[in-house]
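Working notes, structure below.
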Amino acid sequence: MGLLTPLFSPCYNRIVMTPPQPEKDRRQQFINLTIAGITGQVGCLTLIIVLLAVFGGIWLDARLGTRPWFTLGLLVLSIPVSLAAMFFVVKKAVSKIKPIPPKATKPTLKEANLGDDT
């Protein structure tokens with residue numbers, strides 16, 4: 001029973017749980033929020049482009065009397081436009097993310113005695 005108690009203890013326990021690392025947690029949270037923001041922007045942008053294509057096509061078809069052709073044409077044309085817009089948004093967002101510089105390591109002495117061994 002004594003060995004299993006730390007595993008099932010509801011309280012914070014040093015043996016089972018390690019304390020969170022604030023630098024890694026903040027960095028991971030920043031990356032997660034950035035990905036969520038990019039996903040939201042891309043989704044909304046794609047929706048706007050497709051809706052503009054559909055309603056613009058319906059409006060042009062009603063004006064010119066060409067029932068499905070402008071709607072279908074603009075809808076097909078909206079696919080590469082939305083892909084290009086996605087690429088632009090993601091490229092711009094990724095360029096704002098700065099990489100973490102590598103941590104400087106402490107220099108170590110290879111030998112304590114730098115004199116001759118003679």
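In this text, all values refer to a predicted model and were calculated from it rather than measured experimentally. No hydrogens, no waters, no symmetry mates; every other heavy atom, side chains included, goes into these values.
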### Task
Go through the steps for Leu74 and Leu60 under the test side chain to side chain contact (heavy atoms under 4.5 Å, CB included), then give the verdict.
CA-CA 10 Å; Leu74 287 178; Leu60 282 173; 4.1 Å; yes
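At a threshold of 4.5 Å between non-hydrogen side-chain atoms, the residues Asp25 and Gln28 do not count as touching. Val42 places a side-chain heavy atom less than 4.5 Å from the side chain of Met86. Side-chain contact between Leu75 and Val54: present, with at least one pair of heavy atoms (C-beta onward) separated by less than 4.5 Å.
Note on Val81: it clusters hydrophobically with Val90, by side-chain heavy-atom contacts below 4.5 Å among ILVMFWY residues. By the rule that hydrophobic residues join a cluster once side-chain heavy atoms approach within less than 4.5 Å of another member, Val89 and Leu83 end up as members of one cluster. With hydrophobic clusters built from ILVMFWY side chains whose heavy atoms lie under 4.5 angstrom apart, Leu45 shares a cluster with Ile79. Cluster annotation: Phe30 is not connected to Val94 through the hydrophobic network of ILVMFWY side chains, with a link wherever side-chain heavy atoms come within less than 4.5 Å.
The structure places CG of Leu72 at 10.0 Å from OG1 of Thr66, a figure rounded to the nearest 0.5 Å. Put simply, CD1 on Ile58 and OG1 on Thr71 are 5.0 Å apart, with the number rounded to the nearest 0.5 Å.
Of the possible donor and acceptor atoms, none in the side chain of Ser82 sits under 3.5 Å from a partner among the backbone N and O of Thr46. No side-chain donor-acceptor contact under 3.5 Å links Ser78 to the backbone of Ile49.
Summarising the geometry of Phe70 relative to Leu64, their closest heavy-atom pair is CE1-CD1, 3.4 Å, with the distance given to 0.1 Å.
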